[in-house]
Amino acid sequence: GATRMPAVKDRIAHFFGKEVSTTLNADEAVARGCALQCAILSPAFKVRDFSVTDAVTYPISLKWSTESDETEGCHEVFSRGHAAPFSKILTFYRHAPFELEAYYSDPSTLPYPEGKIGHYTVQNIVPKNGEVSKVKVKVRINTHGIFSVTGAAIVEKVQMNENETVLPSDQALQA
């Protein structure tokens, strides 16, 4: 109902740089969207494939300490308008466990005062032969806009002799 007010229509038109279309009743648009979503979820109806891609409203960054502990690294992982849900894999080169801090890049735009999202610790990093370990960290923003660090893994290069047989990873875990 608020989009029918002239002041709201003017602000929206100014923000997007084009005139607001009023050919569809806003209440009817919500009802149609709900009916479509119910039909998609229902096994009784057959509906063409339809997907909804949302966007990140508030940009999210990660901060971490570097190996020298003198400076901090920082990277905006999901910028404003980035597609959601979405996953990214970040690569770190480390000798020891490290911590990640997730926060909103611009806390002044938030509707609440706290800009910090979470604090994550990546543990069990043991370098082989004194070399740095390549650590892959998977971060995700889900359909509800919730950020999480879903996992971390160490990537190792293993040299094999010509006579050795390589088992698929699921069989190697069972042995």
Side-chain angles (χ1 to χ4, degrees), residues 1-66 69-94 97-123 134-153 155:
T3 56
R4 295 184 191 119
M5 289 191 245
V8 173
K9 286 169 75 172
D10 290 342
R11 299 264 331 242
I12 292 172
H14 177 70
F15 181 79
F16 288 106
K18 60 182 182 178
E19 199 58 38
V20 177
S21 174
T22 56
T23 58
L24 181 64
N25 183 341
D27 298 328
E28 186 179 332
V30 171
R32 284 186 182 195
C34 291
L36 178 63
Q37 186 64 29
C38 289
I40 289 170
L41 296 174
S42 172
F45 293 97
K46 188 169 185 163
V47 181
R48 281 188 297 169
D49 286 338
F50 184 82
S51 68
V52 176
T53 303
D54 207 347
V56 175
T57 309
Y58 305 106
I60 297 173
S61 294
L62 274 180
K63 184 173 21 176
W64 61 90
S65 59
T66 61
D69 286 331
E70 295 172 6
T71 60
E72 289 186 338
C74 183
H75 178 66
E76 188 171 270
V77 183
F78 297 105
S79 58
R80 181 184 168 122
H82 194 283
F86 202 85
S87 295
K88 287 187 176 184
I89 296 179
L90 307 172
T91 304
F92 296 90
Y93 295 92
R94 297 294 173 170
F98 63 101
E99 295 180 349
L100 298 170
E101 183 181 336
Y103 63 95
Y104 291 105
S105 302
D106 187 7
S108 64
T109 61
L110 296 175
Y112 43 90
E114 181 61 42
K116 185 177 177 183
I117 297 171
H119 195 81
Y120 307 92
T121 303
V122 180
Q123 299 177 347
K134 184 177 183 179
V135 182
K136 299 269 187 172
V137 177
K138 185 175 181 181
V139 296
R140 178 163 178 76
I141 190 156
N142 69 10
T143 54
H144 307 292
I146 298 173
F147 174 86
S148 61
V149 174
T150 58
V155 180

- Query: Hey, is CZ on F16 packed in by over 12 heavy atoms from elsewhere, all under 6.0 Å?
  - Reply: no
- Kindly check if the number of other-residue, nucleotide or ligand heavy atoms within 6.0 Å of NZ (K88) is above 12? yes
To the nearest 0.5 Å, tell me how far [X] [atom1] sits from [Y] [atom2].
X: I60; Y: I141; atom1: CD1; atom2: CD1; answer: 4.0 Å
X: N142; Y: F86; atom1: CG; atom2: CZ; answer: 14.0 Å
X: H119; Y: L100; atom1: NE2; atom2: CG; answer: 8.5 Å
X: K63; Y: E99; atom1: NZ; atom2: CD; answer: 12.0 Å
X: I12; Y: K18; atom1: CD1; atom2: NZ; answer: 12.5 Å

- For the pair S148 (side chain) and T150 (backbone), establish whether a donor and an acceptor sit closer than 3.5 Å, ignoring hydrogens and angles. no
Is there side-chain contact between [X] and [Y], with at least one heavy-atom pair below 4.5 Å?
X: V137; Y: Y120; value: no
X: F147; Y: V56; value: no
X: I117; Y: Y104; value: yes
X: D10; Y: H14; value: no

If every non-hydrogen atom of [X] is compared with every non-hydrogen atom of [Y], which pair is closest and at what distance?
X: Q123; Y: P97; value: CA-CB, 4.0 Å
X: D54; Y: T143; value: OD2-O, 4.3 Å
X: A13; Y: E19; value: CB-CA, 4.4 Å

Output side-chain donor-acceptor pairs under 3.5 Å for residues 73-83, partner residues at least two apart or in another chain, one line each.
unit_1 : atom_1 : unit_2 : atom_2 : d
E76    : OE1    : S105   : OG     : 3.1

- Message: Name the residue from Y93, W64, F92 that meets the ring pair (Phe, Tyr, Trp, His ring centres under 6.0 Å) definition with F98.
- Response: F92
